[in-house]
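Note sheet for the following structure.
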Amino acid sequence: MIVPSGGSRCGQRASGSLVCRPMTTPPYQPGYPQGVSDKSKVVAGVLGILLGFFGAGRFYIGDIKIGVLQLVVSVCTLGFGSIWGLIDGILILVNGGTDAQGRPLRD
């Protein structure tokens with residue numbers, strides 16, 4: 001337990017209110033090299049190919065905005081926009097990609 005110089009518990013002020021910073025993903029995930037995503041490019045690519053209509057590959061890697069955009073384009077074009085998800089999945093498989101935090105996807 002870390003005790004600040006004020007004598008109160010870590011995360012609490014003397015008044016009793018909490019002063020906690022939001023939890024974030026640690027910069028290093030056990031089991032993976034530092035700087036590499038815990039998401040797989042194979043899974044992201046296959047999801048993009050099979051479920052590109054729904055933007056599933058982008059949702060998987062955490063790129064919510066593009067996933068929603070793929071879904072909206074597919075619905076508005078009566079399914080023809082799912083070609084975007086198909087091509088996106090192929091490109092992720094061939095070139096790799098990055099997750100929402102900018103880390104390269106693992107092989």
In residues 42-51, what donor-acceptor pairs under 3.5 Å come from side-chain atoms, sequence neighbours left out?
none

So if you build clusters from Ile, Leu, Val, Met, Phe, Trp, Tyr with side-chain heavy-atom gaps below 4.5 Å, do W84 and Y60 land together?
-> no
Quick one: do V73 and F80 satisfy side chain to side chain contact (heavy atoms under 4.5 Å, CB included)? Show the steps, please.
-> CA-CA 8 Å; V73 167; F80 291 110; over 6 Å; no
Report yes if some heavy atom in the side chain of T98 is under 4.5 Å from a heavy atom in the side chain of L105; otherwise report no.
-> no
Using a strict 4.0 Å threshold on nitrogen-to-oxygen distance, state whether R106 and D38 make a salt bridge.
-> no
Any idea which heavy atoms bring G35 and P104 closest together, and the distance?
-> O-CD, 3.2 Å
Could you walk me through whether V94 and L91 pass side chain to side chain contact (heavy atoms under 4.5 Å, CB included), step by step?
-> CA-CA 5 Å; V94 173; L91 288 175; 5.6 Å; no
Would you call V68 and F59 a side-chain contact if the rule is heavy atoms closer than 4.5 Å?
-> yes
Please check if atom CZ in F54 has more than 12 non-hydrogen atoms from other residues, nucleotides or ligands closer than 6.0 Å.
-> no
In one Ile/Leu/Val/Met/Phe/Trp/Tyr side-chain cluster, 4.5 Å: I90, I87 = no
What pair of heavy atoms forms the shortest contact from S74 to G52, and how long is it?
-> OG-O, 4.3 Å
Does some side-chain heavy atom of D88 sit less than 4.5 Å from a side-chain heavy atom of Q70?
-> yes
Taking the side chain as C-beta and beyond, is there a heavy-atom pair between V36 and R103 under 4.5 Å?
-> no
For G62 against A100, the heavy-atom pair lying closest together = O-CB, 3.3 Å
Rounded to the nearest 0.5 Å, how far does CZ of R58 lie from CD1 of I66?
-> 4.5 Å
